[in-house]
Amino acid sequence: MTVGQGPAARRRFATLGRSVALFRAFLVEQTDPDHFYGLLADDSVRQVSGYTGLAGRTVLDVGGGPGYFAQAFRAAGARYVGLDPDVGDFSAAESSAGMLRGSGTALPVRSGSVDVCFSSNVLEHVSEPDRMLDEMARVTKPGGVLFVSFTPWLSPWGGHETAPWHYLGGQRARRRYERRNGRPPKNRFAETLFPVSIADALRWARGNPEVEVLDALPRYHPWWGRWIVRIPGAREIGSWNFLLVLRRTAERPDVAGQAGKVGLTGGRVQM
């Protein structure tokens, strides 16, 4: 499942065939979620493995959802802990062992306690994305890796199921969806879906002395499509989904109020 580390290994992984397979799976996300999210989880583990080893490492998945990523990371030898605010997502998983219920903007985890802090397509669903990024950096050990992907608002899929009408405004797209479907969308603008940009994420990363940028790329593109991220404006549309890979650099002393947070050991929660 995993690949080697380094730029050459990452190029071998990011092929056109892989991009086509992901796009085809995306087309059946609503009708066959097991296929899409299972493929995405395996793909994500391979992608993370291009930057850091996973065997024996503690991985915190912020927004872990119904368990697809748990299976893939554990198969790679990682000690996996998933966090999600929705207990209903836990019940959909085969096993809720090693899962935490909590908010991405207030992680119930001690500072510097995980080797890899991972989040797939969650940042656009929180009202304070910078705060979630701050929290992910806080809980990651110095030398550890943060792996954050999200759908930019100006991406063709930025409005999620209301796309492409989100280009005319999030509230207008939401109202149109309700009129046509007789129910509100799952991803409701200004409630469960927020406009996040690549520019904002890069600004946070470059302005935070506790992290360094290892990579910034369109997550699903083949390796030769990386150039789009270097072009402001165009990258917001052309990246489709953006990936930011960071290394935690600096120690940060624990702050007051950490006593109620938990340490992570062996892929399970130790209270």
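From a predicted model like this one, the values you see are computed outputs, not experimental measurements.
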Trainee: Search all heavy atoms of A190 against all heavy atoms of Q171 and return the closest pair with its distance.
Mentor: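 Minimum heavy-atom contact is CB-NE2, 3.9 Å.
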
Trainee: Would you say L22 and V20 make side-chain contact, with heavy atoms under 4.5 Å?
Mentor: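 Contact flag for L22/V20 side chains = no.
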
Trainee: State the CG-CG distance between L54 and D115, to the nearest 0.5 angstrom.
Mentor: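 If we round to the nearest 0.5 Å, L54:CG and D115:CG are 9.5 Å apart.
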
Trainee: With side chain to side chain contact (heavy atoms under 4.5 Å, CB included) as the criterion, how do L60 and V62 come out once you've worked through the C-alpha distance, each side chain's angles and the decisive distance to 0.1 Å?
Mentor: CA-CA 6 Å; L60 175 65; V62 180; 4.2 Å; yes

Trainee: Is there side-chain contact between E191 and R174, with heavy atoms separated by less than 4.5 Å?
Mentor: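 Side chain of E191 against side chain of R174, heavy atoms only: contact under 4.5 Å found.
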
Trainee: Return the OG1 to CG distance between T249 and N208, rounded to the nearest 0.5 Å.
Mentor: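 These two atoms lie 7.5 Å from each other.
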
Trainee: Assigning hydrophobic clusters by single linkage (Ile, Leu, Val, Met, Phe, Trp, Tyr; side-chain heavy-atom cutoff under 4.5 Å), is V116 placed with Y51?
Mentor: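 They do share one cluster, since a chain of ILVMFWY contacts under 4.5 Å joins V116 to Y51.
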
Trainee: Between E236 and A199 (side chain of the first, backbone of the second, donor and acceptor by atom type, cut-off under 3.5 Å), is there such a pair?
Mentor: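 Checking the backbone N and O of A199 against the side chain of E236, a donor-acceptor pair under 3.5 Å is found.
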
Trainee: Out of curiosity, does V126 fall in the hydrophobic cluster containing L244 (side-chain heavy atoms, cut-off under 4.5 Å, transitive links)?
Mentor: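 Yes, it is one cluster - the side chains of L244 and V126 are joined through contacts under 4.5 Å.
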
Trainee: Parallel, tilted or perpendicular, judged at 30° and 60°: which one describes the rings of F118 and F69?
Mentor: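 Tilted, since the angle between the ring planes falls between 30° and 60°.
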
Trainee: Indicate if I228 and F23 have the same hydrophobic cluster label, given that clusters are the connected sets of ILVMFWY residues with side-chain heavy-atom separations under 4.5 angstrom.
Mentor: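 Different hydrophobic clusters.
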
Trainee: Between I237 and L193, is there a shared hydrophobic cluster once you connect ILVMFWY residues whose side-chain heavy atoms come closer than 4.5 Å?
Mentor: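 They do share one cluster, since a chain of ILVMFWY contacts under 4.5 Å joins I237 to L193.
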
Trainee: Test side chain to side chain contact (heavy atoms under 4.5 Å, CB included) on R57 and V48; report intermediate values, then the result.
Mentor: CA-CA 12 Å; R57 303 290 180 86; V48 173; over 6 Å; no

Trainee: Could you report the tightest heavy-atom contact between G64 and D84, atom names first, then the distance?
Mentor: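 That closest heavy-atom pairing would be N-OD2, 3.8 Å.
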
Trainee: For Y177 and R183, test the side chains for any donor-to-acceptor distance below 3.5 angstrom and give the result as yes or no.
Mentor: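 Their side chains do contain a donor-acceptor pair, which is all the 3.5 Å distance test asks for.
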
Trainee: We want to know whether D42 and Y68 form a side-chain donor-acceptor pair, criterion being a heavy-atom distance below 3.5 angstrom.
Mentor: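 No donor-acceptor contact under 3.5 Å links the two side chains.
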
Trainee: With heavy-atom distances below 4.5 Å as the criterion, would you say the side chains of R226 and R10 are in contact?
Mentor: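 Of all side-chain heavy-atom pairs linking R10 with R226, none is under 4.5 Å.
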
Trainee: Between G112 and K141, which heavy-atom pair has the shortest distance, and what is it?
Mentor: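 Where G112 meets K141 most closely, the heavy atoms are O-CG, 3.2 Å.
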
Trainee: With distance as the sole test, does R11 use its side chain to make a donor-acceptor pair with the main-chain N or O of W223 at under 3.5 Å?
Mentor: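 Absent.
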
Trainee: Taking the side chain as everything from C-beta on, heavy atoms only, tell me whether N187 gets closer than 4.5 Å to E161.
Mentor: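 They are in side-chain contact.
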
Trainee: Within this structure, what is the CZ-CG distance for the pair R206 and L202, rounded to the nearest 0.5 Å?
Mentor: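 That separation rounds to 4.5 Å.
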
Trainee: To the nearest 0.5 angstrom, please state how far the CG atom of D61 sits from the CG atom of L83.
Mentor: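 Rounded to the nearest 0.5 Å, the CG-CG separation comes out at 8.5 Å.
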
Trainee: Do you know the tightest heavy-atom contact between P108 and S103?
Mentor: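 Minimum heavy-atom separation between P108 and S103: CD-O, 4.5 Å.
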
Trainee: Kindly compute the distance separating CG (L133) from CH2 (W204), expressed to the nearest 0.5 Å.
Mentor: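 Taking CG in L133 and CH2 in W204, the distance rounds to 4.5 Å.
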
Trainee: Please determine whether the number of non-hydrogen atoms from other residues, nucleotides or ligands lying under 6.0 Å from atom CH2 of W165 exceeds 12.
Mentor: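 Counting neighbours around CH2 of W165, 12 or fewer heavy atoms of other residues, nucleotides or ligands fall under 6.0 Å, so no.
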
Trainee: For the pair R138 (side chain) and L107 (backbone), establish whether a donor and an acceptor sit closer than 3.5 Å, ignoring hydrogens and angles.
Mentor: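 Yes, the answer is positive, given that a donor and an acceptor are paired below the 3.5 Å cut-off.
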
Trainee: Taking the side chain from E29 and the backbone from F36, do they hold a donor-acceptor pair closer than 3.5 Å?
Mentor: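 Side chain of E29 to backbone of F36, a donor-acceptor pair under 3.5 Å: no, none is there.
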
Trainee: Are any non-hydrogen side-chain atoms of M136 and L123 less than 4.5 angstrom apart?
Mentor: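 No, side chains not in contact.
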
Trainee: What's the verdict on salt bridge (Lys or Arg N to Asp or Glu O under 4.0 Å) for E178 and R175, showing C-alpha distance, side-chain angles and the deciding distance?
Mentor: CA-CA 5 Å; E178 291 189 35; R175 291 192 297 269; over 6 Å; no

Trainee: Only counting residues at least two apart or in another chain, list the ones meeting salt bridge (charged side-chain N to carboxylate O under 4.0 Å, His left out) with E212.
Mentor: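 Scan of E212 (salt bridge (charged side-chain N to carboxylate O under 4.0 Å, His left out), adjacent residues dropped) gives R247.
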
Trainee: Do S155 and W153 come within less than 4.5 Å of each other through their side chains, counting heavy atoms only?
Mentor: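 No, their side chains stay 4.5 Å or more apart.
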
Trainee: Between S197 and R203, is any side-chain donor less than 3.5 angstrom from a side-chain acceptor?
Mentor: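 Note: S197 and R203 side chains miss the donor-acceptor criterion.
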
Trainee: Does any non-hydrogen side-chain atom of K186 lie less than 4.5 Å from one of H160?
Mentor: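 When only atoms from C-beta onward are counted, K186 and H160 do not touch, as no gap falls below 4.5 Å.
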
Trainee: Kindly say whether N241 contributes a backbone atom to a donor-acceptor pair with the side chain of R219 at under 3.5 angstrom?
Mentor: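 Flag not set: sc R219 to bb N241 has no pair under 3.5 Å.
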
Trainee: Measure the acute angle between the ring planes of F26 and W157, then classify it against the limits of 30° and 60° as parallel, tilted or perpendicular.
Mentor: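 Taking W157 first and then F26, their aromatic rings stand perpendicular (interplane angle over 60°).
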
Trainee: Is S239 reaching over with its side chain to a backbone N or O of P218, donor-acceptor style, under 3.5 angstrom?
Mentor: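 Such a contact is absent between S239 side chain and P218 backbone.
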
Trainee: The criterion is side chain to side chain contact (heavy atoms under 4.5 Å, CB included); which residues satisfy it with P164, sequence neighbours excluded?
Mentor: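 With neighbours one apart ignored, the set is Y167.
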
Trainee: Can you name the closest pair of heavy atoms from T140 and C117 and give their distance?
Mentor: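 The pair with the smallest heavy-atom distance is OG1-CB, 3.3 Å.
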
Trainee: Between the side chain of H221 and the main-chain N/O of A14, is any donor-acceptor distance below 3.5 Å?
Mentor: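 No.
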
Trainee: When clusters are formed by joining ILVMFWY residues with side-chain heavy atoms under 4.5 Å apart, either directly or through shared neighbours, do L243 and L39 land in the same one?
Mentor: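 Hydrophobic grouping puts L243 with L39.
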
Trainee: Specify the closest pair of heavy atoms between S119 and M132, including all atoms of both residues, with the distance to one decimal.
Mentor: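 For S119 versus M132, the nearest heavy atoms are OG-CE, 3.2 Å.
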
Trainee: To the closest 0.5 Å, what do you measure between CG (D32) and OH (Y37)?
Mentor: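 Result: 11.5 Å between the selected atoms.
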
Trainee: For T58 and R79, test the side chains for any donor-to-acceptor distance below 3.5 angstrom and give the result as yes or no.
Mentor: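 On atom types as modelled, these side chains qualify, holding a pair under 3.5 Å.
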
